[in-house]
Amino acid sequence: MKVEFLPSTVGTVATKQFCISTVVNDTIAIDAGSLGMLWPIERQIQIEQIFLSHSHLDHIASLPLFLDNVYRLRPDCPSVYACEETLQCLREDVFNDRLWPDFVQLSEQESPFLELRTIQPEVPVKLRGLTVTPVPLNHIVPTMGFILQDANSSVAVVSDTGPTQRIWEVLADTKNLRAVILDCSFPNSHRWLADKSGHLCPELFVEEIRRLPDSMPVIAYHLKPCFFAEIEHELKAIRRANLEIGVTGREYVF
Ligand SMILES: [Zn+2]
Ligand SMILES: [Zn+2]
């Protein structure tokens, strides 16, 4: 399984993400923060399914642009998978003709821009070569983590979240788990903000990863760029093998 955290900067490609998008096997996106900025355009055309973890802007910001970009350039439309609350936000707050044309209604009348598909907790979505299982996390809006599984490997994307429970139970029974990609948005100095906004800081992060086997690779993700150096310093102080900070643009193979 091939996983890439997309960059979200213009000019020099930075290792930090302002907006969140992850591409799996070139054809599936988890979130669409910067997906619609991806170049060359052929890479966007390849994306067939998009799974949205939740409705926050850093995860959906470029979705309208992406859909606009690939319309007419491909024979079919992309499918957008999300929980009902996130889909409701897209219908009411994004594709409402004010923020962006109503692609949902247009898709019912003309050649479709997108297909909305509702995901349910712990109900796997089987795609060509990959199964995606959503598991609810603990954030300030309904949010799903995702367990990605192919014939050989499983990888979990656990963001955005504060301290959570259910996904660790599900992962304990997940075969071939190769890595966990986990939210670490704030430094310990801003634990109050992590608490209020449903995120993790290194002190909370370390409690969460205790639920995993000691040797399990963990990739810290969703580090806020303005706190990056502080979070990095605190994560490096955690004594654990196989803990790293996700690097944008690098291709991870699991
Ligand atoms: Zn969020
Ligand atoms: Zn976020």
Side-chain angles (χ1 to χ4, degrees), residues 1-8 17 19-55 58-84 86-87 89-91 94-95 100-120 122-135 143-157 159 178 181 248-254:
M1 188 188 318
K2 212 167 71 174
V3 174
E4 183 188 348
F5 307 131
L6 292 190
S8 61
Q17 279 184 309
C19 288
I20 306 300
S21 344
T22 299
V23 171
V24 183
N25 293 344
D26 296 318
T27 59
I28 295 157
I30 308 293
D31 292 322
S34 59
L35 185 67
M37 314 287 185
L38 185 59
W39 190 259
I41 193 75
E42 285 73 20
R43 291 208 59 198
Q44 293 190 38
I45 297 167
Q46 276 186 284
I47 302 294
E48 296 168 358
Q49 293 93 13
I50 301 159
F51 288 79
L52 299 177
S53 59
H54 64 303
S55 56
D58 54 332
H59 299 255
I60 66 161
S62 74
L63 178 68
L65 307 178
F66 163 79
L67 295 169
D68 205 23
N69 292 344
V70 303
Y71 191 62
R72 301 296 301 273
L73 292 178
R74 47 184 293 161
D76 53 354
C77 71
S79 300
V80 176
Y81 293 82
C83 66
E84 190 49 45
T86 302
L87 294 184
C89 171
L90 292 182
R91 287 191 204 98
V94 179
F95 301 116
W100 199 251
D102 188 344
F103 276 2
V104 178
Q105 198 183 32
L106 286 173
S107 295
E108 289 163 8
Q109 298 163 353
E110 300 290 340
S111 158
F113 282 86
L114 78 167
E115 186 174 15
L116 296 179
R117 293 178 176 242
T118 310
I119 53 175
Q120 305 287 349
E122 298 183 44
V123 177
V125 178
K126 288 188 194 307
L127 306 171
R128 192 160 31 91
L130 196 79
T131 298
V132 181
T133 305
V135 181
T143 299
M144 295 290 190
F146 296 107
I147 302 171
L148 317 171
Q149 293 176 284
D150 66 14
N152 305 310
S153 315
S154 303
V155 173
V157 181
S159 183
R178 307 278 186 238
I181 297 160
T248 57
R250 181 197 292 175
E251 192 175 284
Y252 292 82
V253 179
F254 299 107

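Not measured: the values here are computed from a predicted model. Side-chain atoms are counted along with the backbone in the values below, which use heavy atoms only and exclude waters and symmetry mates.
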For Asp68 and Phe103, what are the C-alpha separation, side-chain angles and deciding distance, and is it a side-chain contact (heavy atoms from CB on, under 4.5 Å)?
CA-CA 9 Å; Asp68 205 23; Phe103 276 2; 4.0 Å; yes
Walk me through whether Asp31 and Thr22 qualify under side-chain contact (heavy atoms from CB on, under 4.5 Å).
CA-CA 7 Å; Asp31 292 322; Thr22 299; over 6 Å; no
Go through the steps to decide whether Leu63 and Leu52 satisfy the test side-chain contact (heavy atoms from CB on, under 4.5 Å), and finish with yes or no.
CA-CA 10 Å; Leu63 178 68; Leu52 299 177; 4.1 Å; yes
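With values rounded to the nearest 0.5 angstrom, Ile41 atom CD1 is found 4.5 Å from Asn69 atom CG. Between atom OG1 of residue Thr131 and atom NZ of residue Lys126 there is a gap of 4.5 Å, rounded to the nearest 0.5 Å. One distance of note links CG of Leu130 with OG of Ser153; it measures 10.0 Å at 0.5 Å rounding. A distance of 10.0 Å separates CG of Asn25 from CD1 of Ile47, quoted to the nearest 0.5 Å. The CD atom of Gln149 lies 11.0 Å from the CZ atom of Arg178; values are rounded to the nearest 0.5 Å. Remark: Phe5 CZ to Ile30 CD1 distance equals 11.0 Å, nearest 0.5 Å.
Contact check for Arg128 versus Glu48: side-chain heavy atoms found under the 4.5 Å cut-off. For the pair Tyr71/Leu106, no side-chain contact is recorded, criterion being any heavy-atom separation below 4.5 Å from C-beta on. A 4.5 Å side-chain heavy-atom check between Leu38 and Leu6 finds at least one atom pair inside the cut-off. Counting heavy atoms from C-beta on, the side chains of Leu90 and Val104 never come closer than 4.5 Å. At least one side-chain heavy atom of Val125 sits less than 4.5 Å from a side-chain heavy atom of Phe51. For the pair Leu73/Gln44, no side-chain contact is recorded, criterion being any heavy-atom separation below 4.5 Å from C-beta on. By the 4.5 Å heavy-atom criterion applied to side chains, Val23 and Arg43 are counted as neighbours. In this structure, the side chains of Leu148 and Ile28 stay at 4.5 Å or more apart for every pair of heavy atoms.
Ring geometry, His59 versus His54: the interplanar angle falls from 30° to 60°, so the pair is classed tilted. Classification of the Tyr252-Phe254 ring pair by plane angle, with boundaries at 30° and 60°, yields parallel.
Between the side chain of Thr27 and the backbone N or O of Gln46, no donor-acceptor pair lies under 3.5 Å. A donor-acceptor pair is defined here as one N or O able to donate and one able to accept, closer than 3.5 Å; no such pair exists between the side chain of Glu84 and the backbone of Thr118. The closest donor-acceptor contact from the side chain of Ser8 to the backbone of Gln17 lies at 3.5 Å or more, if one exists at all.
Smallest separation of non-hydrogen atoms from Ser62 and Ala32: OG-O, 2.6 Å. Here the shortest heavy-atom pairing between Val24 and Met1 reads CG1-CG, 3.9 Å. Heavy-atom minimum distance, Pro64 versus Val94: CG-CG1, 3.7 Å. The two residues Cys19 and Ala61 make their nearest non-hydrogen contact at SG-CB, 4.4 Å. When every heavy atom of Ala29 is checked against every heavy atom of Leu35, the shortest pair comes out as CB-CD2, 3.9 Å. Annotation for Ser79 and Arg117: closest pair OG-NE, 3.7 Å, computed over non-hydrogen atoms.
Under the 4.0 Å criterion applied to side-chain N and carboxylate O atoms, Lys2 and Glu4 are not assigned as salt-bridge partners.
Side chains of Ser34 and Ser21: a donor on one and an acceptor on the other come within 3.5 Å.
Taking Pro78 as the reference, Phe66, Leu67, Val70, Arg74 meet the side-chain contact (heavy atoms from CB on, under 4.5 Å) condition, with sequence neighbours excluded.
Environment of CD in Gln109: crowded, with over 12 heavy atoms of neighbouring residues, nucleotides or ligands closer than 6.0 Å.
Checked options Thr133, Val155, Ile119, Val135; the residue passing with Phe146 is Ile119 (criterion: side chain to side chain contact (heavy atoms under 4.5 Å, CB included)).
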